[in-house]
Amino acid sequence: MRINQTRLMETIETSSKIGATTNGDLHRLALTHEDVEMRTQLVHWLETAGLDVTVDDFGNMYGKREGTNPELAPVVIGSHLDTQPYGGKYDGVVGVLSALEVIRTFNDEGVKMPRPIVIVNFTNEEGARFAPPLQGSGGALGELSKTDIYDTEDQEGTRFETALVESGYQGKESERLTGAHAFVELHIEQGPVLEQKQKCIGVVQGIQGMAWLQVHVKGEADHAGSTPMSGRKDALVASSAMITALSRYAESVEDLHITVGRQHVHPNVPNVIPSEVTFSVDMRHHDDHMRTGVIMAIRKILSDTSKRNGVEYTLDTNWHGDTVHFSEKVKNVIAEEASALQYDADQLYSGASHDAKHMSQITDTGMIFVPSVGGKSHQEAEYTSAEDIEKGANLLLNVTKRLAKEKEI
């Protein structure tokens with residue numbers, strides 16, 4: 001039994017047109033008009049496949065295929081359909097639409113499983129519009145506060161709850177996913193490891209821990225023309241030195257990733273020395289103990305740099321999560337089925353966070369990676385070949401079939 005590659009790629013191509021930009025990106029932020037259009041298309045596909053569609057109070061969407069034994073917990077497969085601003089066509093999308101193709105293939109073959117199978121599309125996995133990320137899965141599974149999520153605002157001041165209501169996809173709390181036999185998420189790697197090792201499948205061991213930090217640098221505003229260079233307390237110069245020092249430090253620590261992706265300058269005019277700068281720090285490492293030490297090192301770097309530049313700073317943690325290690329059982333099933341299909345596989349940790357992180361708190365969880373060409377993601381160059389997507393979907397098909405056949409409660 002194999003998935004229909006042509007049908008799957010046509011489905012992905014339809015997705016690629018919803019929120020498409022002139023540069024070939026996908027701009028489909030959570031709970032925007034484009035996201036709503038994609039959700040409506042997904043509902044059509046799920047219902048056409050004979051699935052019972054429900055939505056919970058965070059906008060998470062579920063499509064359920066009944067099993068022959070209603071007493072058994074479901075096998076859950078899926079990912080997310082929201083994107084980064086001007087992001088790629090495959091991040092999250094491959095997981096949801098390959099899950100749909102799995103169900104379509106079972107339908108084509110007339111295959112019935114003892115366990116139900118549920119496809120899920122989680123809301124706001126990316127965290128691009130409403131931070132932090134993983135809000136849909138985190139809220140539904142009780143890892144994040146509903147009040148905190150609903151009160152989150154985007155950069156225009158729109159509350160999450162307002163956007164959710166306006167989208168038409170605010171469902172009921174009673175529809176949340178409360179239990180599962182297992183969860184499997186197929187995803188693009190978003191890194192170069194599989195391509196470099198010439199492997200077509202990644203058996204993901206877990207998700208490395210991460211923290212989102214915010215640094216606020218306070219200097220002193222002065223006239224750009226009449227203030228001597230030697231007497232300035234330039235917050236932007238200081239923050240630039242901090243960012244450079246952090247980057248150099250990250251290069252010295254194996255497997256450490258530090259990224260500054262957002263910066264705000266005040267007063268942000270050409271002829272005034274900047275008095276305040278706020279910038280983000282995304283820090284990731286799979287060793288929880290090491291990550292604690294990294295934060296201490298970051299504080300020292302910020303402290304030393306601020307003193308040299310005559311400015312003050314504060315460091316706040318906006319969000320953090322420990323490393324997640326996936327289920328040995330599910331990892332073994334993925335590895336065994338990949339071997340049976342004669343797919344070259346490698347073991348690796350995910351450098352990016354995924355909804356599987358929260359799902360692992362309630363059930364046996366695993367992830368399948370397929371290669372990202374050039375390791376590119378969150379941009380228009382993001383690409384995974386149809387052949388690799390087909391292999392990932394076939395592996396998901398076999399893993400889902402095997403787990404859904406397990407009859408123990």
Side-chain angles (χ1 to χ4, degrees), residues 84-85 126-128 130-134 148 151-155 157 191 207-323 349 351-353 378:
Q84 287 286 333
E126 295 288 1
F130 300 101
L134 313 182
D148 289 346
D151 285 342
T152 302
E153 295 184 354
D154 65 13
Q155 293 188 49
I207 298 173
Q208 65 183 8
M210 62 182 293
W212 278 10
L213 312 174
Q214 180 171 284
V215 181
H216 182 73
V217 182
K218 185 174 178 58
E220 188 174 299
D222 268 312
H223 195 287
S226 57
T227 307
M229 296 297 294
S230 60
R232 299 183 177 199
K233 296 182 179 180
D234 190 323
L236 184 54
V237 169
S239 65
S240 298
M242 290 173 177
I243 293 167
T244 300
L246 291 174
S247 179
R248 289 175 178 166
Y249 168 67
E251 292 174 356
S252 71
V253 180
E254 186 176 4
D255 295 330
L256 175 62
H257 297 82
I258 291 180
T259 303
V260 175
R262 180 179 294 170
Q263 186 176 45
H264 297 286
V265 180
H266 179 80
N268 202 31
V269 293
N271 58 346
V272 178
I273 297 168
S275 60
E276 296 184 48
V277 173
T278 301
F279 63 89
S280 64
V281 178
D282 179 308
M283 185 270 288
R284 308 185 188 210
H285 197 281
H286 61 79
D287 186 314
D288 291 335
H289 178 72
M290 169 68 77
R291 206 169 55 257
T292 300
V294 166
I295 292 179
M296 294 174 63
I298 288 174
R299 287 188 182 278
K300 187 176 190 310
I301 289 170
L302 298 178
S303 177
D304 290 348
T305 308
S306 65
K307 289 176 183 177
R308 284 196 300 270
N309 287 272
V311 299
E312 299 176 351
Y313 86 95
T314 57
L315 175 65
D316 297 307
T317 301
N318 289 345
W319 181 76
H320 71 91
D322 291 339
T323 296
Y349 275 86
S353 198
H378 287 181

Rounded to the nearest 0.5 angstrom, the CE-OG1 distance for M210 and T259 is 9.0 Å

Is any side-chain heavy atom of D316 less than 4.5 Å from a side-chain heavy atom of L213? no

Could you pull out the closest heavy-atom pair between P85 and A128, with the gap in Å? CD-CB, 3.6 Å

Residue pair F130 / E153: nearest heavy atoms and the distance that separates them: CD2-C, 3.9 Å

Contacts satisfying side-chain hydrogen bond (donor to acceptor under 3.5 Å, both in side chains) that involve residues 208-229 (not counting sequence neighbours) are W212-D282, H216-E276, H216-T278

Could you report the tightest heavy-atom contact between S239 and V277, atom names first, then the distance? OG-CG1, 3.5 Å

Closest approach of G261 to S280 (non-hydrogen atoms, all atoms of both residues): N-OG, 3.4 Å

I258: which of R284, M283, H285 passes side chain to side chain contact (heavy atoms under 4.5 Å, CB included): M283

Measure the OG1-CD distance between T314 and E312 for me, rounded to the nearest 0.5 Å. 9.5 Å

Exam field: side chain D234 to backbone L236, donor-acceptor pair closer than 3.5 Å: yes

Non-hydrogen atoms of N309 and A238 that approach each other most closely: CB-CB, 3.7 Å

Step by step, work out the side-chain contact (heavy atoms from CB on, under 4.5 Å) result for L256 and V294. CA-CA 9 Å; L256 175 62; V294 166; 4.1 Å; yes

Drop me the distance from L302's CG to L315's CG, to the nearest 0.5 angstrom. 6.0 Å

Checking Y349 now: which residues fulfil ring-ring contact (aromatic ring centres under 6.0 Å, His included) with it, not counting sequence neighbours? H286, H325

Go through I298 and L246 one step at a time and tell me if the side-chain contact (heavy atoms from CB on, under 4.5 Å) criterion holds. CA-CA 7 Å; I298 288 174; L246 291 174; 3.9 Å; yes

The salt bridge (charged side-chain N to carboxylate O under 4.0 Å, His left out) partners of D288 (sequence neighbours excluded) come to R291

Is there a side-chain contact (heavy atoms from CB on, under 4.5 Å) between S306 and V217? Walk through the geometry before answering. CA-CA 8 Å; S306 65; V217 182; over 6 Å; no

Would you call S275 and P267 a side-chain contact if the rule is heavy atoms closer than 4.5 Å? yes

Between atom OG1 of T305 and atom NZ of K300, what is the distance when rounded to the nearest 0.5 Å? 9.0 Å

Between the main-chain N or O of I243 and the side-chain N or O of S247, is there a donor-acceptor pair closer than 3.5 Å? no

To check you understand the geometry: which heavy-atom pair defines the closest contact between A235 and G219, and what is its length? CB-N, 3.9 Å

Side chain of T244, backbone of A241: donor and acceptor closer than 3.5 Å? no

Identify whether the distance between the nearest side-chain nitrogen and carboxylate oxygen of D304 and R308 falls below 4.0 Å. no

